[in-house]
Enquirer: 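Just passing along the structure, written as structure tokens.
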Amino acid sequence: MKFIIDGKAVCALRAAPYSCSWTPAKTGAASIEVLAADAAGNVASASVNVRVEGMQPEDL
């Protein structure tokens, strides 16, 4: 499973649990996509657009 945020691969996981930590580089819009492949090579994906708000300069 691969997590892609704004076009950059952030995490690549081969076994459960499938989770990924991400610290946004900036406030505003972000696109998150997840790609999963099974043993037969079938690939599925899902994506969502999110808005990052409320970050303070010291959080970056």
Side-chain angles (χ1 to χ4, degrees):
M1 182 168 294
K2 188 181 289 187
F3 291 81
I4 302 167
I5 301 175
D6 293 334
K8 295 177 81 177
V10 175
C11 297
L13 307 165
R14 295 183 185 264
Y18 301 107
S19 67
C20 180
S21 295
W22 164 61
T23 301
K26 60 183 172 53
T27 59
S31 172
I32 301 172
E33 181 179 14
V34 178
L35 298 173
D38 65 13
N42 299 305
V43 177
S45 67
S47 62
V48 65
N49 293 315
V50 299
R51 180 154 187 84
V52 178
E53 296 181 0
M55 295 179 64
Q56 301 299 315
E58 60 270 16
D59 296 331
L60 300 174

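All values below come from the heavy atoms of this structure, side chains included, with hydrogens, waters and symmetry mates left out.
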Enquirer: Are Phe3 and Val48 co-members of a hydrophobic cluster defined by side-chain heavy atoms under 4.5 Å apart?
Expert: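 Result: no, two separate clusters.
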Enquirer: Ignoring hydrogens and geometry, is there a side-chain-to-backbone donor-acceptor pair from Asp6 to Ala30 under 3.5 Å?
Expert: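 Not a single qualifying donor-acceptor pair exists.
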Enquirer: Considering only Ile, Leu, Val, Met, Phe, Trp and Tyr, and joining two whenever side-chain heavy atoms are under 4.5 Å apart, list the other residues clustered with Leu35.
Expert: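 Direct or chained contacts put Leu35 with Ile4.
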Enquirer: Which pairs, with at least one residue in residues 8-18 and sequence neighbours excluded, count as a side chain to side chain donor-acceptor pair (under 3.5 Å)?
Expert: none
Enquirer: Locate the shortest heavy-atom distance separating Ser19 from Leu13; write the atom from each residue and the value.
Expert: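 Smallest interatomic distance, heavy atoms only, reads O-CD1, 3.2 Å.
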Enquirer: At what distance, to the nearest 0.5 angstrom, does CZ of Arg51 lie from OG1 of Thr27?
Expert: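 If we round to the nearest 0.5 Å, Arg51:CZ and Thr27:OG1 are 7.0 Å apart.
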Enquirer: Considering only heavy atoms from C-beta outward, does the side chain of Met1 approach that of Val34 to under 4.5 Å?
Expert: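 Answer yes - side chains close enough.
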Enquirer: Quick one: does Cys11's side chain get under 4.5 Å of Lys2's, heavy atoms only?
Expert: no
